[in-house]
Every structure is written in structure tokens, then in C-alpha cells.
K.L.:
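Sharing a structure, written as C-alpha cells. Questions coming.
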Number of protein chains: 2
Amino acid sequence: MKELPDSAFNPLLKLDNQLCFSVYALSRLITKAYQPLLESLDVTYPQYLVLLLLWEHEELTVKQLGEKLLLDSGTLTPLLKRMEQRQWLSRRRDARDERSVVVALAPAGRVLQQQAHEIPVQLAEKMQLTMPEIEALRTQLRQLITLLA
Amino acid sequence: MKELPDSAFNPLLKLDNQLCFSVYALSRLITKAYQPLLESLDVTYPQYLVLLLLWEHEELTVKQLGEKLLLDSGTLTPLLKRMEQRQWLSRRRDARDERSVVVALAPAGRVLQQQAHEIPVQLAEKMQLTMPEIEALRTQLRQLITLLA
DNA sequence: CAAAGTTTAATTGTGCACAACTAATTATTT
DNA sequence: AAATAATTAGTTGTGCACAATTAAACTTTG
């Protein structure tokens with residue numbers, strides 16, 4: 001009997017079939033789709049996510065940012081230092097608990113918010129999805145996230 | 001009138017509402033879910049994706065790998081060099097077109113395939129999804145991928 | 001055929017992402 | 001109170017990911 005490639009027996013090993021690869025590829029494509037919109041602000045996508053949170057909450061500890069973004073200090077500390085250098089935010093130890101570092105929105109970070117208004121709208125257009133479609137997809141992904149997180 | 005935070009007016013700016021963040025977070029969680037399964041092979045997730053393709057196709061040019069994985073030579077070249085050092089694959093210029101580099105599965109890479117059989121199954125279990133659910137989700141994601149790619 | 005243009009990898013430099021570890025502070029236990 | 005444990009950021013080292021550039025090989029065109 002002729003030998004067949006393994007993927008003939010185990011179609012799960014075929015790349016095209018893999019849900020995980022789709023998520024991985026889509027994630028990078030989304031970052032690229034954001035890039036032309038973000039580069040006018042000279043902000044990377046992870047930095048934009050931090051700004052989204054600070055626009056909403058004004059100040060958060062590194063730990064709180066990490067919980068919301070699912071990132072650890074090894075990623076956040078250098079990222080926040082770069083953002084501090086550009087004066088978008090400030091970092092200071094919490095007086096009530098010197099272990100914590102409080103990250104607060106700075107005036108220049110507030111200015112960026114004005115320029116960011118159209119970004120979510122433009123991106124939704126790029127993805128050509130209706131609101132209900134976006135809702136449904138996000139709900140499914142969030143189920144997986146809570147499962148794996 | 002009292003000032004409200006901007007996200008009250010523009011809920012799209014709220015992180016929790018963002019489809020894009022869900023994809024980004026899920027992608028990293030999936031990589032982490034793979035990690036305990038892949039570390040027994042001492043392979044990273046992107047390296048595993050390359051292996052999946054080589055198990056299927058035996059040999060591919062860097063360009064073909066890039067097209068399938070949506071990665072460029074800046075990412076692939078150093079990754080493939082590391083895999084070549086471990087003797088999982090070989091790299092050689094194509095005699096018919098010296099611009100191309102042919103990446104071919106090496107015997108040690110074939111051995112890895114045996115150990116990888118259970119990985120997709122174990123991951124599907126972790127995600128607690130039925131096959132139809134996986135299919136449906138993947139179809140939606142692939143639509144977005146072709147749109148953005 | 002020669003010049004101009006295209007294709008393919010490699011290189012360089014920046015910024016995540018994360019595991020493993022360290023150091024400092026706070027909380028808990030005895 | 002002293003010893004122990006837990007929490008929080010920071011540090012170090014490795015590996016992607018990608019933009020921008022370079023260099024070599026091939027293709028097309030005048």
C-alpha cells in the first residue's frame with residue numbers, strides 16, 4: 001500500500017484547517033490595519049490599547065493594566081517607559097503601597113484622544129462587518145478568552 | 001452640564017467593546033495554550049507552523065512559506081536558521097532560480113511529526129469546542145483574513 | 001544585447017511578548 | 001515583634017514581527 005502524507009490521515013495537522021492559525025494570522029492583520037491610522041499619532045497598537053484604558057480610567061496601576069490587557073510587567077514596563085518619555089503618561093509609586101506603580105494620563109495623552117475618535121469607525125469600515133456581526137463574533141471570542149485565561 | 005468621560009459618548013473607544021482586542025488577546029492565549037504541548041518538542045509556535053507546512057509539503061521556498069503564513073523574510077530567515085541549526089530542516093538556493101531558497105524537511109524534522117500527532121486533539125479539548133463550532137468560527141475568521149490580507 | 005525594472009532573501013533596527021529571576025514592600029503567621 | 005510568605009515591578013535574555021534598506025538574480029523592454 002502506498003504511503004500517504006500524514007496530513008491525509010490526520011487532517012487536523014493541515015494548516016488550512018487550524019482555527020488557531022486563523023486567530024494568529026488575523027491578529028497580525030488587524031494590527032497592520034490599525035497601523036496607517038495609528039502612525040499619524042506615532043503610536044503602536046499595544047500603546048494604543050494602554051491609551052484606550054487611560055482615556056477611560058484616568059489612572060491605573062501597572063497591575064491593573066496587566067490584568068485588563070493580559071500582559072505582564074516584562075512587557076508593560078519598557079512600553080510604559082517609552083510612553084512616559086513622550087509625555088503621554090506619568091509613572092509614580094503609590095504612596096499607600098510602595099510596591100504599586102500608578103500610571104496616569106498626562107495632558108499630551110489627552111490631546112491624542114481627540115485625534116483618535118475616528119479610529120474605531122474607520123477600522124469597522126475596513127472589516128466590512130455590521131454591528132450585529134461584530135457583536136456575535138466578539139462574544140464567541142470572549143468565551144474562548146475566559147476559557148483560556 | 002457635567003463632563004462625561006469620552007467613552008460615554010463613544011463606546012467604541014471602550015476596550016471591552018473591541019473585537020480587535022479580543023483577537024489580539026486570544027491569539028496570545030492560544031500561543032500560551034500550545035506552549036506546554038510544544039515545549040516537549042522544544043519548538044516555538046511559529047516554528048510549529050513551519051513544521052506543519054513541511055510535514056504537508058516536504059519542501060517549500062521561503063516565499064511560499066511566507067505566503068502561507070503571512071510572514072516576510074525578515075521574520076522567516078532568522079527563524080529558519082534556528083530550525084536549520086537544530087537539523088529539523090535544510091536550506092539551499094534553488095538551482096533553477098538562485099534567488100529562491102528551498103526549505104526542505106530533514107530527518108529530525110520527520111521524527112518530530114510522530115510526537116506531534118496528539119497536539120491538535122489536546123488543544124481542541126482545551127478550547128472545549130465541538131467540531132461544528134470550530135468550523136463556524138474558523139469560517140468567520142477566514143472571511144476577515146481574506147478581507148484584510 | 002544592454003538598460004531598466006522586478007523578484008527574492010537577507011540585513012538592520014525597533015518594539016513587543018514572555019519566561020525566569022531579582023528586589024523591595026506589604027501581609028500573615030507564629 | 002520576628003520570621004515567613006505573598007505581592008508588585010523591574011531586569012535579563014530569547015524569539016518573534018515588521019518596516020526599511022540592500023544585494024543578487026532574473027525578466028522585460030527598447
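Proteins come first, then strands; the chains are lettered A, B, ... in the order of their sequence lines, and each starts at number 1. Everything quoted here is computed from the prediction, not taken from an experiment. Heavy atoms only: backbone and side chains are in, while hydrogens, waters and symmetry mates are out.
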K.L.:
Rounded to whole Å, please give me the gap between CZ in B:R96 and C1' in D:dT27.
P.N.:
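So the CZ-C1' distance, B:R96 to D:dT27, works out to 17 Å.
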
K.L.:
State, yes or no, whether a side-chain contact exists between B:V103 and B:E59 at a heavy-atom distance under 4.5 Å.
P.N.:
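No. Closest side-chain heavy atoms not under 4.5 Å.
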
K.L.:
For residues 28-36 of chain B, which side-chain donor-acceptor pairs fall under 3.5 Å, sequence neighbours excluded?
P.N.:
unit_1: B:R28; atom_1: NH1; unit_2: A:L70; atom_2: O; d: 2.8
unit_1: B:R28; atom_1: NH2; unit_2: A:L69; atom_2: O; d: 2.8
unit_1: B:T31; atom_1: OG1; unit_2: B:S27; atom_2: O; d: 3.0
unit_1: B:Y34; atom_1: OH; unit_2: A:Q18; atom_2: OE1; d: 3.1
unit_1: B:Q35; atom_1: NE2; unit_2: B:E39; atom_2: OE1; d: 3.4

K.L.:
Give A:L76 one of three labels, base, sugar-phosphate or nothing, depending on what nucleic acid heavy atoms sit under 4.0 Å from its own.
P.N.:
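The answer is nothing, as A:L76 stays clear of every strand by at least 4.0 Å.
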
K.L.:
Rounded to whole Å, how long is the line connecting atom CG of B:L70 with atom C1' of D:dC18?
P.N.:
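Between C1' of D:dC18 and CG of B:L70: 13 Å.
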
K.L.:
Can you check the B:D97 CG to D:dT27 P distance for me, whole Å?
P.N.:
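Result: 6 Å.
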
K.L.:
For B:Y45 and for A:Q35, find the nucleotide of DNA chain D with the closest heavy atom, then tell me which residue's nucleotide is more 5'.
P.N.:
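Between the two, 5'-proximity favours B:Y45.
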
K.L.:
Whole-Å distance between C:dT7 C1' and B:E67 CD?
P.N.:
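Going from CD in B:E67 over to C1' in C:dT7 covers 12 Å.
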
K.L.:
Calculate the interatomic distance between A:R99 atom CZ and D:dT8 atom P; express it in whole Å.
P.N.:
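Nearest whole value for this atom pair: 6 Å.
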
K.L.:
Heavy-atom distance under 4.5 Å between the side chains of B:I119 and B:L41, does that happen here?
P.N.:
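Contact flag for B:I119/B:L41 side chains = yes.
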
K.L.:
Atom pairs, N/O to N/O, protein against nucleotides 11-15 of chain C, distance under 3.5 Å?
P.N.:
unit_1: C:dT11; atom_1: OP2; unit_2: B:K81; atom_2: NZ; d: 2.6

K.L.:
Using the test side chain to side chain donor-acceptor pair (under 3.5 Å), find all partners of A:R93 that sit at least two apart in sequence or belong to another chain.
P.N.:
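Residues passing side chain to side chain donor-acceptor pair (under 3.5 Å) with A:R93: none at all.
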
K.L.:
With a 3.5 Å cut-off and sequence neighbours excluded, list the donor-acceptor pairs that the side chains of residues 135-149 of chain A form with protein atoms.
P.N.:
unit_1: A:E135; atom_1: OE1; unit_2: A:R138; atom_2: NH2; d: 3.4
unit_1: A:R138; atom_1: NH1; unit_2: B:N17; atom_2: O; d: 2.6
unit_1: A:T139; atom_1: OG1; unit_2: A:E135; atom_2: O; d: 2.8
unit_1: A:T146; atom_1: OG1; unit_2: A:R142; atom_2: O; d: 2.8
unit_1: A:T146; atom_1: OG1; unit_2: A:Q143; atom_2: O; d: 2.9

K.L.:
Send over the distance from A:D72 CG to D:dT11 C1', rounded to a whole Å.
P.N.:
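Nearest whole value for this atom pair: 12 Å.
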
K.L.:
Heavy-atom contacts under 4.0 Å between residues 20-34 of chain A and DNA chain D, which residues?
P.N.:
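The stretch gives A:Y24, A:R28, A:K32 as the residues lying under 4.0 Å from the strand, ordered by number.
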
K.L.:
Any side-chain N or O of A:R91 below 4.0 angstrom from OP1/OP2 of D:dG10?
P.N.:
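Yes, within the criterion.
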
K.L.:
Can you figure out which of C:dT26, C:dT8, D:dG10 approaches the side chain of A:V101 most closely?
P.N.:
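It is D:dG10.
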
K.L.:
Measure CZ/A:R93 against C1'/D:dA9 and give the value in whole Å, please.
P.N.:
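Answer to the nearest Å: 5 Å.
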
K.L.:
Any side-chain N or O of B:T61 under 4.0 Å from OP1/OP2 of C:dA9?
P.N.:
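Answer yes for this pair, as a side-chain N or O of B:T61 is under 4.0 Å from OP1 or OP2.
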
K.L.:
Roughly how many Å is it from CD in B:E39 to P in C:dC18, rounded to a whole number?
P.N.:
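Those two atoms, CD and P, are 15 Å apart.
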
K.L.:
Among all residues two or more places apart in sequence or in another chain, which pass the side chain to side chain donor-acceptor pair (under 3.5 Å) test with A:R91?
P.N.:
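Expected list: A:E84.
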
K.L.:
Quick one: list whatever passes salt bridge (charged side-chain N to carboxylate O under 4.0 Å, His left out) with B:E98, sequence neighbours left out.
P.N.:
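By the salt bridge (charged side-chain N to carboxylate O under 4.0 Å, His left out) rule, B:E98 matches no residue at all.
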
K.L.:
List for me each residue that meets salt bridge (charged side-chain N to carboxylate O under 4.0 Å, His left out) alongside B:K63, sequence neighbours excluded, and say none if there are none.
P.N.:
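B:K63: salt bridge (charged side-chain N to carboxylate O under 4.0 Å, His left out) contacts with B:E67.
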
K.L.:
For B:V62 and A:L71, take the nucleotide of DNA chain C holding the closest heavy atom to each; which residue's nucleotide lies nearer the 5' end?
P.N.:
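Checking each residue's closest nucleotide, the 5'-ward one belongs to B:V62.
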
K.L.:
A:F21: which residues meet the ring-ring contact (aromatic ring centres under 6.0 Å, His included) condition with it, sequence neighbours left out?
P.N.:
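A:F21 satisfies ring-ring contact (aromatic ring centres under 6.0 Å, His included) with no other residue.
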
